[in-house]
Each structure stands twice: as structure tokens, then as C-alpha cells.
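Atoms within a ligand are numbered from 1 in the order they appear, just like the ligands themselves. Fair warning: this is a prediction, and the values are worked out from it, not measured in the lab.
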Amino acid sequence: MIDEARAEIQAAEDARALQDVRVRWLGKKGRITLELKGLATLDPDARREAGREINVVKQQVEALVEARKEELARLELARALAAERVDVTLPAAQGSSGGVHLLTKVTNRLLDVFASLGYEVVTGPELETDHYNFEALNFPPEHPARDEQDTFWTEDGRLLRTHTSPMQVRYMETHEPPFKVVVPGKVFRNEAVDATHEAQFHQLEALVVGERITMADLRGAIQEMADALFGEGTRTRLQPSFFPFVEPGAEFAIWWTHPKTGREEWLELGGCGMVHPNVFKAAGYENVTGFAFGFGIERLAMVPYGVPDIRWFYQSDLRVLRQFRGAL
Ligand code: PHE
């Protein structure tokens, strides 16, 4: 009988099953209880003998149940611990961390270059007045040069600035020469959007004003920027051009090796020139000269990093953005 009980007890897989076994053997109608009750039919000698035996079995069953109970509790604890086990040798969970946008990296790089050349960095409003964006920069009303810089107007007659040049006049109104400043910022044009034209993009403007600033200083500044960005001795080029707020005016380019094609070519960057006397007049300056240049930052990111479509900069597509994590 004890072997049978032991087998059932061992087979109980959890506390509930064990309790069932216990009731089956030791409960009110359990096998042991019934055996004890059956003693009543025996004569006194046989009853004593059988009673002792049954009681021994009863105690054994009780002890086996108790032992199995403790064993199940230990197993349960071990299972729980195993389920909560932490492997401290696994690599840490990779949270997705953000990064600096390629345009921001290129802008920061440019600002570093100019800061090292002694330029102050200033910024201005994106929502401008006609006065600062055009008039004070020597674009009279109806001037054809305005056509190239169509933009978005608000109902009160203001506009989203078409270039960073308005900051030239704003800065001069509140500062005295001599100075060197650069102005990074967002600009807007009413463009038919395509791979190389966006309605918003970024420019960097430079303005240097002093008593005897010359075209040679302008050339030197562009040369220093080229040297810093592309290496000492990089060739630069100025070609005559027209902007109402400079005289003479030019477009400038940097000779470089295209990283994809391996070809050497001119990278056309932007416009430059000597500050027009009318601009100094609008700013209230006399007896100074100066130069300015400005260029698009997207171009300086697209061409060197092989970004074929300007719209990709603004789509926040992680597949694009992640490619430049290691850049600069
Ligand atoms: N503001 C001009 C443009 O956006 C560029 C420029 C800046 C030209 C400074 C001359 C001097 O086209």
C-alpha cells in the first residue's frame, strides 16, 4: 500500500494535485481512514496489530506528502528564478539614438572655418520686409532682378526672405565697422520643385566691412574657405556676374575632384562682390568699403556627399539620414 501511495505522491506535479492525493489517502473517506474504520470489525488482538501497521503507513504517507510539498515549492521557486533570469553578458539593448542632420553638420563645419578666421556668427529673421530683402539691397520696385527671387508673401506685405543678404543691412544698422560676420540661415523661393530646386533651402552669407577692404580681400577670403574645406592650395575662380547689391559682382567656384566620378571640375558655389555704395547708404555708412558673398549650403552637402535629390534633406527618411551618421 505504501508503494502505491508513494507513486501517487511522486506523480503529483503541483500543490493542487498533491492535495487531491492527500484527500484520496488521508481525507474523511480516504483509503487510510477507511482502513482505520474497518478495524472495528476485528477482534482486539488483531485490531491492535493491524492498527499499528496502518498507523505506520499513515505516518509514512503524511511524511511523503509533506516532503513532496516542500519539493514542489522548491521546484516552483527554481522555475520562477529561471524565468526571471537576466543574462548580464548579453549586449545592451540598442536604443535608437538621434543624430545630427547632414545639413547641420555641413553648416557647423562652415561656421568653424569662419570662426577660426575671426568672423562673428549672426542670424536674422526668416520673415522679412521688402525693405531689407530688396529695397535696401538696391533692388528698386519693378527691378528685373526681383524676378529671379520670387517668394511667398504674407497679407501684411512681408515675405519669406529669398536670401541671407538682408542681414547685411540689419547688421550694419546696429554695428560700427570694422567687422567680419557670417550669417547662416534658411531662405525661401517660389520654385517649381525638382531634384535641384526646393522652396526652402539654406545659405551662408559673409560680410566684411572696413576702411580699405578690397577685391583682393574678397579673393583671399574665398581662397581661405576653399583651403579649409578642400585642402591647402585649392584653386578658386571668380567670373563676372550681376547682383544689384554688389559692384563689381561675381560668381565664384572651387576646383575640386568629384568623389564619385573622380573628375576634376569647377564646383559653382555662389555669388560675391564689393558692397554697392547704395547698400552702405541704406545702412547709413560712409567712407568704408567691404565685400560680401553668399552661397547655398545644400549644394555643398549634395555634391560632396552624393545626395542626388535636394528634397531628400527634408523628408526625414531614416534610410537617407542614417547614411550620414559618420559624416564629418
Ligand atoms: N544673395 C545672393 C543670392 O542669393 C548671393 C550673393 C550674396 C551675391 C552676397 C553677392 C553677394 O543669389
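The nearest protein atom to atom 4 (O) of ligand 1, hydrogens excluded, is given as Gln203 NE2, 2.9 Å; this is a heavy-atom distance. The protein atom (non-hydrogen) at minimum distance from atom 7 (C) of ligand 1 is Gly294 N, 3.3 Å. Protein heavy atom in closest approach to atom 8 (C) of ligand 1: Gly271 C, 3.4 Å. When only non-hydrogen protein atoms are considered, atom 2 (C) of ligand 1 lies nearest to Phe245 CZ, 3.7 Å.
At a 4.0 Å heavy-atom cut-off, ligand 1 touches Arg189 through the side chain alone. Of the heavy atoms in Phe293, only backbone atoms (N, CA, C, O) come closer than 4.0 Å to ligand 1.
Judged by distance alone, with hydrogens and angles left aside, the side-chain atoms of Arg161 form no donor-acceptor pair with the main-chain N or O of Glu126 at under 3.5 Å.
The two residues Thr234 and Asp227 make their nearest non-hydrogen contact at N-OD1, 3.4 Å.
For ligand 1, the polar-atom distance check finds an N/O of Ser165 within less than 3.5 Å of one of the ligand's N/O atoms.
Centroid-to-centroid, the aromatic rings of Phe243 and His163 stay 6.0 Å apart or farther.
No heavy atom of Gly270 sits closer than 4.0 Å to any atom of ligand 1. Using a 4.0 angstrom heavy-atom cutoff, Glu148 does not count as in contact with ligand 1. Contact annotation: Gly249 has no heavy atom less than 4.0 Å from any atom of ligand 1.
Between the NE2 atom of His175 and the CG atom of Leu207 there is a distance of 11.5 Å, given to the nearest 0.5 Å.
Taking the ring centre of Tyr132 as origin, the terminal cationic atom of Arg170 falls inside the region bounded by 6.0 Å and 45° from the ring axis.
Salt bridge annotation for Asp112-Arg109: absent, with no cationic side-chain nitrogen under 4.0 angstrom from a carboxylate oxygen.
Looking at heavy atoms from C-beta onward, Tyr171 lies out of side-chain contact with Glu205 at the 4.5 angstrom threshold.
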